[in-house]
There are 2 protein chains.
Amino acid sequence: MIAEALHQYFPKLATMPALRQDLIAISKVITLKAGTVILKQGEYVKVIPLMLQGLAKVFKEEENGNEVLLYYIKPGESCIMSVTTLLRNGASKVKAVIEEDSEIVVIPADKALEIARKYPKWNEFVYELFNVKFEELLNVIKILTFSNKDIRLLEYLKKEATLKGSKILHTTHQHIAYDLGSSREVISRLLKKLENEGEIILKQGTIEVL
Amino acid sequence: MIAEALHQYFPKLATMPALRQDLIAISKVITLKAGTVILKQGEYVKVIPLMLQGLAKVFKEEENGNEVLLYYIKPGESCIMSVTTLLRNGASKVKAVIEEDSEIVVIPADKALEIARKYPKWNEFVYELFNVKFEELLNVIKILTFSNKDIRLLEYLKKEATLKGSKILHTTHQHIAYDLGSSREVISRLLKKLENEGEIILKQGTIEVL
DNA sequence: ATAGTTCTGTAACTAATGTTACTGCTTTCT
DNA sequence: AGAAAGCAGTAACATTAGTTACAGAACTAT
């Protein structure tokens, strides 16, 4: 049931009865397969998603097609860019893609605006999420500025392992290169270096984070 | 007068009479000299500033003392990190420094919380500012990921020229290096390159952006 | 099983950035 | 004017990252 799921993953929103009732009334739960693009860069925001199960990735795209992973959307979170972009009625500056099959509460854009006006609790939720994601961006900038790619790569692998709940990552070097905005050869070289340093173990199609 | 200043730079907050009155009642205007640190990394937020005149810079500090410029606070803006950090009652993750002598409306932290609760307009203001700064961070990440330092440097110089309202920047290579988290020698080399490409003119202590 | 595809390893080279070391030019202070 | 301090220029080298070009390993499908 959606009420239980909200309680479990969105306690801030679900503990207030009126807000919870409204949310349940206007939203629906959908299931999305890995690979689904839930928000395109340049697109207008039509829904606000609340992630119940699964994982999504948010990217910044460059003009010529390259992209960088900015942060993840995990259970208990929403797409903060959708929320604030909706309020400003602007176009999305990022792209969001489902990474693992996901279950998502979907709130229509217009209804979400009503909720925001009606319930200060919603603002609290948004502020907190905003702050978390802002800090994640700060951290990306810090690493990009002061660390070499091998550090960035290792942090990425650790984060992936944590969020996916497994030390063994099923991915390819090419895929990592896309996420980090680098090239496959560079990633292969750095992964080999990390393996030699005893941080990871490489196998075909999998990386084990130690 | 503070009322006029609010009207001019913070129309979103000042057009609502009750909100404007409350703001004027609880805040005071202060003047700060260039170089003043208004928020330290790790410090708790005591005030929310509204910038009337001048310019401030916001930095992310690294463990060993290095820092990168994240974005500016210009007239009509506040320190978004102060606002959201205050709401979460956490420690600041950034450092803010006055860049040009500034005139600032200062709202005590506890009063700011009341304002936020009482006036949805305040939230609108915060959301908009948040979105703007978020996008600026996205842009920094994009440039750090996909561009070389010369591009980053040139964008920095153009931004400085715009915000300071002068094509002639009074700064040193060392100072730029601090802002961009690089070394003086690298910046000197790249500046010389930009000069050869006809983008800027270098003189002792000044850089003219063409 | 074998042919095709995808993934990985790696060498060799280029380009970009960081580091070290030193020189000379300005500005400022007395 | 002369000394000191701060600023800029630059060469030489080291390290890191990106690119090109293959080769071989491992998986997939018929």
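The sequence lines fix the lettering, A, B, ..., with proteins before strands; numbering per chain opens at 1.
Summarising the geometry, the separation between CG on B/Asn148 and C1' on C/dT14 is reported as 13 Å, rounded to the nearest angstrom. A straight line from CG of A/Leu190 to C1' of D/dG18 spans 11 Å, rounded to a whole angstrom. One can place CG of A/Leu194 at 11 Å from P of D/dA17, the figure rounded to the nearest angstrom. The nearest whole Å value for the distance from the CZ atom in B/Arg152 to the P atom in C/dG18 is 11 Å. Rounded to a whole Å, the CD1 atom of A/Ile200 is 14 Å from the C1' atom of C/dG9. Rounded to an integer number of Å, the gap from CG of A/Leu180 to P of D/dG18 is 10 Å. Taking atom CG of A/Leu144 as the reference point, atom P of D/dT16 lies 17 Å away to the nearest angstrom. Separating the OH atom of A/Tyr178 from the P atom of C/dT6 is a distance of 12 Å, rounded to the nearest angstrom.
Within a 6.0 Å radius of OH in B/Tyr178, other residues, nucleotides and ligands contribute 12 heavy atoms or fewer. Few gaps surround NZ on B/Lys164; more than 12 heavy atoms of other groups in view lie less than 6.0 Å from it. Heavy-atom neighbours of B/Glu197 CD from other residues, nucleotides or ligands within 6.0 Å: above the threshold of 12.
In the model, B/Tyr9 has no side-chain atom that pairs as donor or acceptor with a side-chain atom of B/Glu77 under 3.5 Å.
For A/Ser182 and D/dG18, the shortest distance from a side-chain N or O to OP1 or OP2 is below 4.0 Å.
We find that B/Lys121 and B/Glu124 are joined by a salt bridge, their nearest charged nitrogen and carboxylate oxygen being less than 4.0 Å apart. Looking at B/Lys93 and A/Glu135, a side-chain N of the basic residue comes within less than 4.0 Å of a carboxylate O on the acidic one, giving a salt bridge. Ion pairing of B/Lys142 with A/Glu63 is present here, as a side-chain N (NZ or NE/NH1/NH2) and a carboxylate O approach within less than 4.0 Å. B/Lys57 has a carboxylate O that lies under 4.0 Å from a charged side-chain N of B/Glu160, or vice versa, which qualifies the two as a salt bridge.
Under the 6.0 Å cut-off for aromatic ring centres, A/Tyr71 and A/Phe59 do not qualify, their centroids lying 6.0 Å or more apart.
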Quick test: give all pairs of protein nitrogen or oxygen and nucleotides 7-14 of chain D nitrogen or oxygen below 3.5 Å, distance rounded to 0.1 Å.
| residue | atom | partner | partner atom | Å |
| --- | --- | --- | --- | --- |
| D/dA8 | OP1 | B/Gly205 | N | 3.3 |
| D/dA8 | OP2 | B/His173 | N | 2.9 |
| D/dG9 | OP1 | B/Lys192 | NZ | 3.3 |
| D/dG9 | N7 | B/Arg184 | NH1 | 3.0 |
| D/dG9 | O6 | B/Arg184 | NH2 | 2.9 |

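Summary for the helix from C/dA1-D/dT30 to C/dT30-D/dA1: the axes at its two ends, each from 5 pairs, differ by 30° when rounded to the nearest 10 degrees.
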